**Q** 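Following this message is one structure expressed as structure tokens.
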Amino acid sequence: MLEIASLHVTVDGREILRGLTLSVLPGEVHAIMGPNGAGKSTLAHVLAGREGYDVTEGTARLDGADLLAMSPDARAAAGLFLGLQYPVEIPGVSNLLFLRTALNAQRRARGEPEISGADFMARVRAEARALGLDLEMLKRGVNVGFSGGEKKRNEAFQLAMLQPRLAILDESDSGLDIDALKVVAAAINRFMSPDRAVLLITHYQRLLDHVRPTHVHVLVDGRIVESGGPELALRLEQEGYERHAA
Amino acid sequence: MSAGSSAAAREGRNPEAAAAVEALSSYRWGFTSAIEQELAPRGLTEETVRYISARKGEPEWMLEWRLKAFRIWQTMAEPQWAKLSIPPIDYQDAHYYAAPRVKPSLKSLDELDPEIRRTYEKLGIPLEEQKVLAGVEGARRVAVDAVFDSVSVATTFREELRKAGVIFLSISEAIREHPELVRRHLGSVVPVRDNFFACLNSAVFSDGTFVLVPKGVRCPMELSTYFRINAENTGQFERTLIIAEEGAYVSYLEGCTAPMRDENQLHAAVVELIAEADAEIKYSTVQNWYPGNSEGKGGIYNFVTKRALCRGARSKVSWTQVETGSAITWKYPSCILQGEESVGEFYSVAVTNNFQQADTGTKMIHLGARTRSRIISKGISAGRSNNSYRGLVRMGPSATGARNFTQCDSLLIGDRCGAHTIPYIEVKNPSAQVEHEATTSRISEDQKFYAMSRGLPEEDAIALIVNGFCREVLQTLPMEFAVEAQKLLGISLEGSVG
Ligand SMILES: Nc1ncnc2c1ncn2[C@@H]1O[C@H](COP(=O)(O)OP(=O)(O)OP(=O)(O)O)[C@@H](O)[C@H]1O
Ligand SMILES: [Mg+2]
């Protein structure tokens, strides 16, 4: 599904990703762990198409299509979703309007009909309830006045509503209280299916207790330096990244 | 409004529908062919003023009023202080004021600026109406038929207004049918010598609208000047006079979201509103005159004088405007808050893109005790445009306990445009309070990326963020207008990124 081959990325002339290779198949959950500043968010942003990153070498393909040649909205329509580490506020645009506009834009791009108001609201109610988000809150501006944890729940809500094929979740667990962590983890598990995949960027095992990864990777200094199964995350929790130090 | 608007909004204008048909035929068979060449002299002289008045069959007092205005105008100079660079306008060029205006005749829509054509399509305007708007040869017939069609439907609305006692006429009709009313009020809020453009308008105004809502009456429908074919005849020097008697209420919509092309570069309208005790007038404008092409060529100069007199106690006037068009806009809808506890509101969105220049704002003149005003201005600049907000809040000596709140927000798209906020505050009563807040921001890359990563194409993403920025203003518009205004904001910002 996702094929990244020897990806090199510079930001402001500084090389952040330095030959990153990764392959994700449908039905897989890949956890990416690594020290602060290693390049995890950079990877997520480059895959989603954020400006300001120069890809100097390498490729990234989604279902064979050249991701790097597509605009962010085209990537979204192709089934990619990025849950941001720091969700953004858009004053004056209600969460519901934002989401509905986005959903319909994706549908249009795929040649599908727009969703009806009634269907949309029915799904909103179901997903909002599951994520413990108040409907009144969703009528407010996008993420405006939301607490850190509420913003993360809102990202999970958008994931549930947009139903992409590949979800890249950048620290979806940070800032969440214990109960919210379970709620968000449950949303990720509900989302997963044999034809979907998740790239889970996290610092902590506690999320992986709820969302069981099929693969765990260690990203250090712009490269994946070690890969393994769920047991790797448990070991990292004990040892940290000392043995990977450059 | 565009074609998407309901029949009701259009037919609100119906008293003028019949006039439009009449006017059209006389223009077609009399004026445009022969009279224009023989009688309309080049250059603006007393003869021109007499000619306009005679053509309209106006009474002697009206002619005298115009002539007086003309003589004053000759002694005036164009205002220089607005933050605009205005290419010199040759007022002696007959082209600017000759009464019946001839649109550029295109052989077919294919000759139309593709940009405009795309906009028509985006607004969903039917092909035949596109032809009328663009002034394609042979399209008039269709438009005239359209007027005939709606005349019958319109009669019902006319009847309803008549029952309510609301007078809603073209100003020419009003001069004929209610001369005493027009004579009493015309120029009472915007005096003839008020400013260069208002004075010019007073001398040569072509047509416009007259509304009177009698005591205690709530006007049963939104009134709209919008009648496509008619706009063609009244656009250049429009004159509007609206009077709400004691306890009356009226909501009035002006404008058109479809970009109008016009040979006449100069537009100088005057709008006067009078609210008596406990009356309320809500005046909403969506303005989308041709802004010129992306290189800055062509485009309308829009110099408008709009002023409301809140004469009675507890009267209220709200101006809401969404300005996206014109090459140059110079406009300050104002309120004179004379009655005690009267209220003035100004909600504005002004968008400039490419080479457009806008200098807009408001004046709130507090005279009465405990008068209140509220100003919310949202300026959006993109491309190489310049957008200025200029606001005057004056608290007179007798404005005890008066209050003003002003909020001016500017949003910049790109780094070649400019936004300027220029507040003038004069307080002559120590108990009056004036509060002013101003912000300038840019559309952040973060916001744009966030919206795009959810599937919104870049221009839609920007339109959404901009609509959010303008929300407070857009929500004061009547529902139907608000939806169109939102679409329009998106369209006017096209090409502003990337
Ligand atoms: N726009 C930028 N300009 C300059 N440096 C940048 C920019 N964006 C990222 N960097 C640098 O790139 C490196 C990788 O950052 P990135 O955000 O990808 O790290 P991360 O692995 O997500 O870290 P964390 O665990 O703290 O979230 C950091 O050293 C960061 O300072
Ligand atoms: Mg990060």
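If you're wondering where the values come from, they're calculated on a predicted model, not measured in any experiment. First the proteins, then the strands, lettered A, B, ... as listed; each starts at 1.
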**Q** Please flag which part of B:Ala461 lies under 4.5 Å from any non-hydrogen atom of chain A: side chain, backbone, both or neither.
**A**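 Interface part for B:Ala461: neither.
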**Q** Taking only heavy atoms into account, what residues of residues 55-69 of chain A are found under 4.5 Å from chain B?
**A**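 Within residues 55-69 of chain A, near chain B: nothing under 4.5 Å.
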**Q** Has B:Phe405 got more than 12 heavy atoms of other residues, nucleotides or ligands less than 6.0 Å from its CZ?
**A**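 Counting neighbours around CZ of B:Phe405, more than 12 heavy atoms of other residues, nucleotides or ligands fall under 6.0 Å, so yes.
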**Q** What's the spacing between B:Arg454 CZ and A:Asp73 CG if we round to 0.5 Å?
**A**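 Here the interatomic distance stands at 13.0 Å.
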**Q** Non-hydrogen atoms of chain A under 4.5 Å away: do they reach the side chain of B:Asp460, the backbone, both or neither?
**A**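 Only the side chain of B:Asp460 comes within 4.5 Å of chain A.
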**Q** So with a 6.0 Å cut-off around CZ of A:Arg196, is the heavy-atom count from everything else above 12?
**A**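 More than 12 within 6.0 Å, yes.
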**Q** As a quick check of understanding, evaluate side chain to side chain donor-acceptor pair (under 3.5 Å) for A:Asn143 and B:Tyr450, giving each step before the final call.
**A** CA-CA 11 Å; A:Asn143 289 320; B:Tyr450 192 50; 3.2 Å; yes
**Q** Considering only heavy atoms, give the residues of residues 89-114 of chain A separated from chain B by less than 4.5 Å, sorted numerically, with 'none' for an empty result.
**A**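 The list, in residue order, reads A:Glu89, A:Ile90, A:Pro91, A:Gly92, A:Val93, A:Leu97, A:Phe98, A:Thr101, A:Ala102, A:Ala105, A:Gln106, A:Arg108.
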**Q** Kindly give the heavy-atom pair with the smallest separation between B:Gln447 and A:Val88, and that separation in Å.
**A**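 Distance-wise, the nearest heavy atoms are CG-CG1, 3.6 Å.
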**Q** Which residues in residues 41-54 of chain A have any heavy atom lying under 4.5 Å from a heavy atom of chain B?
**A**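 Contacts with chain B: A:His45, A:Ala48, A:Gly49, A:Arg50, A:Glu51.
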**Q** Under the side-chain hydrogen bond (donor to acceptor under 3.5 Å, both in side chains) rule, collect the residues that match up with A:His8, sequence neighbours excluded.
**A**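 If we apply the side-chain hydrogen bond (donor to acceptor under 3.5 Å, both in side chains) test to A:His8, skipping adjacent residues, the hits are A:Glu15.
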